[in-house]
Protein chains: 2
Amino acid sequence: MSSVNEAKVRQEGLEAMLIHRLREGGLRVTPERLTIFRELSQTRHPLPKPELVERLKSAGINQATVYRVLDLFTALKIVQAVLLPHGVVGYEPVPPFRDHHHHIVCASCGTMADLYECDIDQVIQHDLQPIGFIPISHALEVVGLCRACQSSASH
Amino acid sequence: MSSVNEAKVRQEGLEAMLIHRLREGGLRVTPERLTIFRELSQTRHPLPKPELVERLKSAGINQATVYRVLDLFTALKIVQAVLLPHGVVGYEPVPPFRDHHHHIVCASCGTMADLYECDIDQVIQHDLQPIGFIPISHALEVVGLCRACQSSASH
DNA sequence: TTTTTTGCAAAGATTTTGCACCTTA
DNA sequence: TAAGGTGCAAAATCTTTGCAAAAAA
């Protein structure tokens with residue numbers, strides 16, 4: 001089961017990176033922070049705050065801690081907020097804690113998938129340089145119909 | 001003052017379109033719905049729900065009505081949710097109630113501007129056709145530093 | 001031991017809901 | 001006048017905060 005080991009090795013690398021980021025900022029490494037990061041990086045989709053709180057209850061982590069750590073991770077650019085269907089905001093790790101990617105969302109069933117292809121940087125540069133705007137990051141979200149929802153008689 | 005008149009004519013056209021959309025769905029045209037739409041389409045930036053509620057208080061429109069109408073407009077694809085700085089969600093009209101555009105956000109001061117250039121459709125088609133995903137709409141958001149925030153010694 | 005972080009519990013915001021009354025078509 | 005929409009007020013959720021106790025460095 002090599003892929004299982006690869007995943008494990010990768011996860012350990014990410015956590016080492018997180019620990020380094022915290023220490024270089026004079027911040028402390030706590031089991032709560034590691035557990036919250038693990039939950040975010042091992043889940044395939046962005047998690048809304050209330051769901052993250054719910055998932056971490058079993059680990060005995062308090063609500064307030066989840067909110068505070070999420071704010072911290074966002075400020076440190078370890079995670080970012082993304083828009084989910086129905087105007088809900090979810091959180092997910094960003095590069096290098098996560099591969100660079102975008103989202104495709106089915107307008108019918110709401111399923112979200114990742115899109116790794118991205119050639120839009122040139123466009124961005126072309127339009128933003130004239131106004132002196134320096135791009136740091138970007139997010140592309142495509143909403144449409146997945147194959148499954150096309151075949152079902154929609155609604 | 002021709003531009004003033006143009007704006008007025010355009011606004012009237014948008015409202016006529018809204019009225020048509022409502023009627024064709026068997027829904028009613030009420031002063032509350034018109035007022036809420038007007039507020040959204042005459043404001044230059046996406047508005048968070050609480051701010052919209054606040055702005056409509058003076059018009060005597062109840063909180064619950066604002067929430068319900070916003071849900072309705074979203075379902076009818078008259079407005080859409082977009083992600084603002086700090087994980088806040090705002091609402092703005094979508095095409096044809098608004099020109100097709102994207103957002104650029106300054107990471108430092110949080111100022112948001114519109115970006116009308118958009119050549120990413122080909123990319124989308126190229127990557128999404130193979131998986132049978134039919135794109136309906138897309139959103140691009142670029143975060144970076146505006147000229148003003150580059151010159152000030154940042155923070 | 002010093003400084004940071006967490007848990008707890010209460011306060012503050014935001015969002016949703018049921019129902020009576022009012023409006024639109 | 002029939003169906004849909006709004007206001008009101010309470011309930012349910014979600015988010016923030018102050019402070020004492022616990023943990024990291």
Side-chain angles (χ1 to χ4, degrees), chain A residues 15-16 18-40 46-76 78-91, chain B residues 15-16 18-40 46-76 78-91:
Chain A
E15 290 177 21
L18 171 68
I19 291 172
H20 181 262
R21 271 283 185 93
L22 289 172
R23 293 224 165 102
E24 83 182 346
L27 299 164
R28 295 183 179 176
V29 177
T30 67
E32 289 81 5
R33 289 174 177 176
L34 287 174
T35 302
I36 292 171
F37 176 74
R38 215 167 276 144
E39 188 65 40
L40 285 166
L47 296 175
K49 288 176 181 176
E51 172 152 10
L52 195 52
V53 166
E54 184 55 35
R55 287 181 179 220
L56 291 164
K57 257 182 197 155
S58 60
I61 299 179
N62 188 276
Q63 216 188 44
T65 301
V66 175
Y67 275 86
R68 288 187 282 225
V69 170
L70 217 36
D71 285 347
L72 176 70
F73 283 178
T74 303
L76 292 176
I78 289 166
V79 307
Q80 70 179 352
V82 304
L83 194 55
L84 270 36
H86 308 296
V88 172
V89 175
Y91 292 81
Chain B
E15 290 176 21
L18 172 68
I19 291 172
H20 181 262
R21 271 282 185 93
L22 289 172
R23 293 222 167 104
E24 85 182 347
L27 299 164
R28 296 186 178 174
V29 177
T30 68
E32 289 81 4
R33 288 174 178 176
L34 287 174
T35 303
I36 292 170
F37 175 74
R38 217 167 275 145
E39 188 65 40
L40 285 166
L47 296 175
K49 288 176 181 176
E51 171 153 9
L52 195 52
V53 166
E54 184 55 35
R55 286 180 179 221
L56 292 164
K57 257 181 197 156
S58 59
I61 299 179
N62 187 276
Q63 212 188 47
T65 301
V66 175
Y67 276 86
R68 288 186 282 224
V69 170
L70 217 36
D71 285 347
L72 176 70
F73 283 179
T74 303
L76 292 176
I78 289 167
V79 307
Q80 70 179 352
V82 305
L83 195 55
L84 271 36
H86 308 297
V88 172
V89 175
Y91 291 82

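Chain A is the first sequence line, chain B the second, and so forth, proteins listed ahead of strands; every chain is numbered from 1.
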Q. Within the distance-only criterion (no hydrogens, no angle test), does the side chain of B:R33 pair as donor or acceptor with the backbone N or O of B:L18 below 3.5 angstrom?
A. no
Q.
Looking at every non-hydrogen atom in both residues, tell me the closest pair between A:V89 and B:G87 and how far apart they are.
A. CG2-O, 3.6 Å
Q: Please report the closest heavy-atom contact between B:L40 and B:F73, naming both atoms and the distance.
A: CD1-CD1, 4.5 Å
Q | Rounded to 10 degrees, the angle between the two terminal axes of the helix from C:dT1-D:dA25 to C:dA25-D:dT1, each from five pairs | A | 50°
Q: Search all heavy atoms of B:A81 against all heavy atoms of B:Y91 and return the closest pair with its distance.
A: CB-CE2, 3.7 Å
**Q.** Selection residues 61-75 of chain B - residue pairs positive for salt bridge (charged side-chain N to carboxylate O under 4.0 Å, His left out), sequence neighbours left out
**A.** none
Q. With sequence neighbours left out, what residues match A:Q63 under side-chain hydrogen bond (donor to acceptor under 3.5 Å, both in side chains)?
A. none
(Q) I need the residues from residues 64-72 of chain A with at least one non-hydrogen atom less than 4.0 Å from DNA chain C; give them sorted by number, or say none. (A) A:A64, A:T65, A:R68
Q: State which residues pass ring-ring contact (aromatic ring centres under 6.0 Å, His included) with B:F37; sequence neighbours excluded, sorted by chain then number.
A: B:F97
Q. Can you pull the contact range of chain A along DNA chain D, 5' to 3', using atoms under 4.0 angstrom from its heavy atoms?
A. D:dC14 to D:dA25
Side-chain donor-acceptor contacts of residues 52-59 of chain A below 3.5 Å, not counting sequence neighbours, with atom names and distances?
unit_1	atom_1	unit_2	atom_2	d
A:E54	OE1	A:K57	NZ	3.4
A:R55	NE	A:E51	OE2	3.1
A:R55	NH1	A:E39	OE2	2.9
A:R55	NH1	A:T43	OG1	3.2
A:R55	NH2	A:E51	OE2	3.1
A:S58	OG	A:R55	O	3.4

Q. If you take all heavy atoms of B:L84 and B:P48, which pair is closest and at what distance?
A. CD2-CG, 4.1 Å
Q: With a 4.0 Å heavy-atom cut-off, tell me which residues in residues 46-63 of chain A come close to DNA chain D, sorted by residue number.
A: A:K49, A:P50, A:Q63
Q: Mind listing the closest non-hydrogen atom pair of A:T74 and A:L70 along with its distance?
A: OG1-O, 2.7 Å
Enumerate the protein-to-nucleotides 23-25 of chain C contacts in which both atoms are nitrogen or oxygen and the separation is below 3.5 Å.
unit_1	atom_1	unit_2	atom_2	d
C:dT24	O2	B:R28	NH1	2.5
C:dT24	O2	B:R28	NH2	3.4
C:dA25	OP1	B:R23	NE	3.3
C:dA25	OP1	B:R23	NH2	3.3
C:dA25	OP1	B:V29	N	3.3

Q | side-chain contact (heavy atoms from CB on, under 4.5 Å) partners of A:I19, counting only residues at least two apart | A | A:R23, A:V29, A:L34
Q. Is a side-chain donor or acceptor of B:R21 paired with a backbone partner of B:L76 at a separation under 3.5 angstrom?
A. yes
(Q) Contact between A:T30 and A:V69 at the side-chain level, heavy atoms closer than 4.5 Å - yes or no? (A) no
Q) Rounded to the nearest 0.5 Å, how far does CG of B:L27 lie from CG of B:L72? A) 5.5 Å
Q: Check side-chain hydrogen bond (donor to acceptor under 3.5 Å, both in side chains) between B:R38 and all other residues, then give those that pass, not counting sequence neighbours.
A: B:E15
